[in-house]
Amino acid sequence: MSKYSVIGKRVRRVDGPEKVTGNAKYTFDMVLPNMLYGKILRSPYPHAKILNIDTSQAEKLIGVKAVVTGKDTIGRKQGIWRRFPELCDEEILCRTKVRYIGDPVAAVAAIDEDIAEEALDLIEVEYEPLPAVFDPLEAIKEDALQIHDGVELNINVTRHIEWGDVDDAFRHCDYIREDQFKCSSQAHVCMETHDAVASFSYDGNLTVWTSTQSSYYIQALLAGMLDLRESDVRVIKPHTGGGFGSKFELDSAQFCASLLSMKLCRPVKIVLTREEEFTATKRRTPMYYYVKLGAKKDGTLLAKEVKAITEGGAYTAMGATALYLTGFFSSLPYKYPNYRFDGYRVYTNTAPTSAMRGFGGPQATFVGESQLDMLAEALGIDPIEIRRKNGMTPNYEVPGQAYIQSCGLQQCLEKIEAHIKERGKLPPNRGIGISAYGFMSGGIFNWFDTSYAFSAAIVRISIDGKVDLFTGACDIGQGSDTTLSMICAEELGVHLEDIRIHAADTGICPADLGAWGSRETLMNGNAVKMAAADAKRQILEFAAAKLGANIVYDLDIKDRWVHLADRPERGLSYFDIVKEVIRGKDGEVIIGRGHYTPHRKGMISPAYSFGVQAAEVEVDPDTGKYKLINVATAHESGTVINPLGIEGQLEGAIMMAAGYGFCEDQPMDAGKILNPSIADYKLIRSLDMPETKILEVDTYEPEGPFGAKEAGEGLTCPTAGAIGNAIYRAVGVRINELPITPEKVFKALREKGKQGK
Amino acid sequence: MIRDFKYFAPKTLREALALLDKYKENCKLIAGGQSLLILMRQGLVTPEYLIDIKGISELNYIKSDAKGGLRIGALTTHRTIEKSPVIQGSFDILAKMEKRLASIQTRSWGTIGGNLCHGDPAGDPAPVLIALNATLTAVSLKGKRNMAIEDFTVDYFETALKPDEILTEIQIPVIPSHIGTAYTKFNIIESDLAMVGAAVSITLASGDGICQDVRIALGAVASTPMRAKEAEAVLRGKKVTDNLLKKAGQVASTEAKPISDIQASEEYRRELVKILVYRAGKEALAKAKQT
Amino acid sequence: MKEELRLTVNGQAYELYIKPKTLLVEVLRDHLGLTGTKRGCNCGSCGACTVVLNDMAVKSCSVLALQANGGEVITIEGLANGAQLHPLQKAFLDYGAFQCGFCTSGMLMSVKALLDENPKPTTEQIKEGIDGNMCRCTGYNSIIRALTAVVKGEYKEEK
């Protein structure tokens, strides 16, 4: 029997009824009185000076109420790495220069979308095209043009991570291999595109409803860019149709809608088209990887040296984080005594690259797991064995970087080993490949330079016992509303339906850094638990007095019953005691407060989750086409708060991660994305989705609320590597460049045939 | 953004033809609109007059003709074809092809005629109909004319229909015994358009396994769906062996005129032609031997 | 020049005057305020706009409203019976067959049309039935489990 009353149960999502009835309102659905519709004009050039913008004809069009350009801004540059001004390099509405195809130059507000679109055609922009560079390997050359003034070799960010003595260690290796990999970009393809309704009122306050992963970041960045007091900006997150990393930075819809609204004192709505979504929002960071791995002949890994050159695109965005994290994730999930990473993020004249679910992890894991399999084969060691030998274990310290408390990697390996045995002997051209990963539960870094706690929560209990939970956490589909409500209910000892969550409205909820880096469950969960515990303590104070309990007894609340922990039959109804508590407090509602900011938790994260995935593919050796038959994942995320939620996150992650390995790509020609539509950008659909098997491993993470840690983002790390390894086992060819398309497999097979291997 | 247009919804073929005749190049016909509306929303097609023929029920039918062949009204939806017991019975290859065409939603509203008139060389129906030796009828106020399906598409998204004509019917001759037809398409995502498509129909002379006739139709490897006539010549009049089928595939791959695009290189497409023609040929041969 | 459109939506008859270029999805969302039906692309690919028109699942962004003249439309708002959720909605809730929810309205209409036409689809038929609906969150398998439960009779309506 579970020791928990609420968490760990398969519950219906708290936002479920709204969503399955079509009642859930998204920013996409919002209509306000007196509202105008906005559209954005974007650069057709990858790199150009803006000589002049003539908006006069557009302004004359009947129905157009305002046109804004960079001249209407305060001329600031912004970026999410606020602590480093040199990384705040994006104006959004460009004043003098455009740096990628899609860079905004003007915006229009009109009485309907059609007129706004027509008006865009009437804006005349005089550009002076400049030479452009698209590949980071070209952009980093001595003679390459400079995309941002003063940034030499276009090197935007560098990152160095090191421990041990890699050079010495290589001298002691029995086997060393060096490999190169190329990891592709990927588009988030949220079902709801970026959108915002901005309303500036005559009292000087700006309210913005937007599809976002962090209403706080948007609030702060907007305030900075509009010269408003931060708290005069209120950002409200309605139901949000997906984020996956694309929606926690200030985007063109939010900024232009706000600018236009400020000019007119009327609400302005901007919804990006799907094409804008593909071309002019941020995307996964493509990376060139150069990796050297050394081991003893018994398979003990001694040293790993990694160099990564990433395609930054036109602006820094969150790309600096992707660079850093890929450097750290390249060391997961193994115990490397010696490790060195040097990463370079290089500006290019392409759409900026930033955060996408996995955040450098899918790239690092594809590279690491492919190379490890190659090394294992060369040494004649079983792939599970080599991972078992070197895999992280609980209470392991990564020198100078991280302290890993809970870690169920070994158990995950066991489960996958059993699964593979169960699959038995495979028919020809079929193979199972495995891939192991580790991932963070939110980051410890404060490059946003916030003075707020990273997460905070307020619990308010009314006279009838109803609990209002206020949190800045953003539910973008991953289920944080439900998970946090469950944590609150569990801690407070009430039922899930006693909790009503208010989330992500900066006007009434505490600040939260947002839904990224898989931080909500651990960080917000801790804040919520603390707030609920605070409220509970106030109730128990009164209950102790009421019950006249002996001092040796503890009190607790479970299932709406306030009682002596050791004598549960002695107690009273939660509803009754709440009334007395409020009376005792001069009629004030009960307020509990909580917060969480990681302190002294290493360089990356307070906690890490681990897993191992096995992908089974069947290859058609004549065409190179392969089918994903089955993906089994053994993973551990500490205590499972919301099992239905985690399963959903796992299967959804497979779809996205398999897509990264198999079919999703954004081919470009001179900086122009060639497939900016859902018809042309290949996405896995129901007929393409493999069977999925979930193997849970039980662990407990002391850092997390009730022992919980991340799930949902780490799971996007392993699949590309598992697919690559599976194809190798099936037909003996290895592809080091993502995505692994049938044509690449075909060419590799033909090459292999020619070489008579 | 769709530009404004004047809208007509004729209920009979006669009415529709009169409107076409009146507005000629300034108008466009819309049936299911599953392809057309995308073009109109992107501003690529901007007719002044739109003639909605979807409601012309007299063009929505599946009938057997006197000899047991098939007559399909141009406004029959893909889904109707997919689920028709008549078609599933004797023309199952058509039902199978429809099953993998786009999605159910598209198939429920889109029509076979609309698909053919869109003229996409990657479309599924055309190669299959070519392999089935189908013909079609185009009607105008001046009269009607028939032509082979393979002559219908003349270039990328361009057909042989005159501005005053409406495609009314597709005719598929009965499939006698000793004929087997197969269609296979290559794509990465199941419901995607073909990256390369091949439909093969093999007629065996009774008893001796000699190929009496053969039709090989390719999709997505030229500006129109095309017949690989040189590849056909490899098989016609010969005993069809595995090696011969491979050779036919080889010849078809040189006949094809694929391009390199973001989906695949020209070279890969040629390789796929080789393989798909061989595989479809093998399947067609097996079917021919069974009947 | 506007044309008359007569349409029954969720059992309610409407008479509207619309520009001929108006898409069915625009009539539903913008004219009738039924915002449950969403739009996710501009090329008829994502399926978020799926509604049931004359008993068929169609993409309402790819149907001119006037083509539905005289027809019967069911949108997500018409699935529940007042406060009583439809078995499909209950199954979606129990099986976690949605996350961000943006594709859910279209997904439910596709599956409604599928089950109305064939109450006992195979797993393969279920997959085909929802192949036209893009979901970026769930990986589809939970949706298939939810439908399978309905097909097996787990949600037989109380008499």
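Note on naming: letters A, B, ... go to the chains in the order of the sequence lines (proteins, then strands), and numbering restarts at 1 for each one.
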Which atom of C:Gln99 lies closest to which atom of A:Lys19, heavy atoms considered:
O-NZ, 2.8 Å

State the OH-OG1 distance between C:Tyr140 and A:Thr692, to the nearest 0.5 angstrom.
13.5 Å

Okay, C:Asn133 and chain A: the region with an atom under 4.5 Å from a heavy atom over there is backbone

First locate atom OG1 of C:Thr138, then atom CD of A:Gln649, and finally report the distance between them rounded to the nearest 0.5 Å.
10.5 Å

Of all the residues in residues 651-659 of chain A, which have a heavy atom that comes within less than 4.5 Å of a heavy atom in chain C?
A:Glu651, A:Gly652, A:Met655, A:Met656

When only pairs under 4.5 Å are counted, which of A:Glu664, A:Glu691, A:Arg10 shares the most heavy-atom pairs with chain C?
A:Glu664

Residue part contacting chain A, namely of C:Arg39, when any heavy atom lies under 4.5 Å
both

Between C:Lys21 and A:Asp114, is there a side-chain N and carboxylate O pair less than 4.0 Å apart?
yes

Would a 4.5 Å heavy-atom cut-off, applied to side chains only, mark C:Glu128 and A:Leu687 as touching?
yes

Among C:Asp131, C:Thr35, C:Ile144, which residue forms the greatest number of heavy-atom pairs with chain A at distances under 4.5 Å?
C:Asp131

With rounding to the nearest 0.5 Å, note down the distance linking SG in C:Cys137 to CD1 in A:Ile476.
8.0 Å

Side chain from CB out, backbone as N, CA, C, O: work out which of these in C:Thr104 comes under 4.5 Å of a heavy atom of chain A, or both, or neither.
side chain

Taking all non-hydrogen atoms of both residues, which atom of A:Gly242 and which atom of C:Cys100 are closest, and how far apart?
N-CB, 3.4 Å

Contact leader toward chain C among A:Asp475, A:Asp15, A:Ile678, A:Thr273, where contacts are heavy-atom pairs under 4.5 Å
A:Ile678

For C:Asp55, is the CG atom crowded, meaning more than 12 foreign heavy atoms sit under 6.0 Å from it?
no

C:Lys38 with A:Asp29: basic N within carboxylate O range, under 4.0 Å
yes

Bottom line for A:Pro17: the part with an atom under 4.5 Å from chain C's heavy atoms is both

Which heavy atom of C:Cys41 sits nearest a heavy atom of A:Arg274, and at what distance?
CA-CB, 3.9 Å

Just checking A:Lys25: does its NZ atom have more than 12 heavy atoms from other residues, nucleotides or ligands closer to it than 6.0 angstrom?
yes

Quick test of your reading of the model: are A:Glu277 and C:Arg136 salt-bridged, counting only N-O distances below 4.0 Å?
no

Smallest separation among heavy atoms of C:Ser105 and A:Gly22, with atom names
OG-CA, 4.1 Å

What do the steps show when you test C:Asn42 against A:Glu275 for side chain to side chain contact (heavy atoms under 4.5 Å, CB included), and what is the final call?
CA-CA 8 Å; C:Asn42 201 28; A:Glu275 190 181 331; over 6 Å; no

Measure A:Ala24 against the heavy atoms of chain C and call it side chain, backbone, both or neither at under 4.5 Å.
backbone

With a cut-off of 6.0 Å (strictly less than), are more than 12 heavy atoms of other residues, nucleotides or ligands near NZ of C:Lys19?
no

C:Glu3 atom CD, neighbour heavy-atom count above 12 within 6.0 Å
yes

If you count heavy-atom pairs under 4.5 Å with chain A, which of C:Cys43, C:Gly132, C:Gly101 comes out on top?
C:Gly101

Nearest heavy-atom contact between A:Leu644 and C:Leu93 is CD2-O, 4.0 Å

A:Met191 side chain reached by C:Cys46 side chain, heavy atoms, under 4.5 Å:
yes

Give a yes or no on whether the backbone of C:Glu77 and the side-chain of A:Asn23 come within a donor-acceptor separation of less than 3.5 Å.
no

Heavy-atom proximity to chain A below 4.5 Å, by part of C:Leu85
side chain

Minimum heavy-atom separation for A:Val20 to C:Leu108, with atom names?
O-CD1, 3.4 Å

So how far is it from A:Glu113 CD to C:Glu26 CD, rounded to the nearest 0.5 Å?
9.0 Å

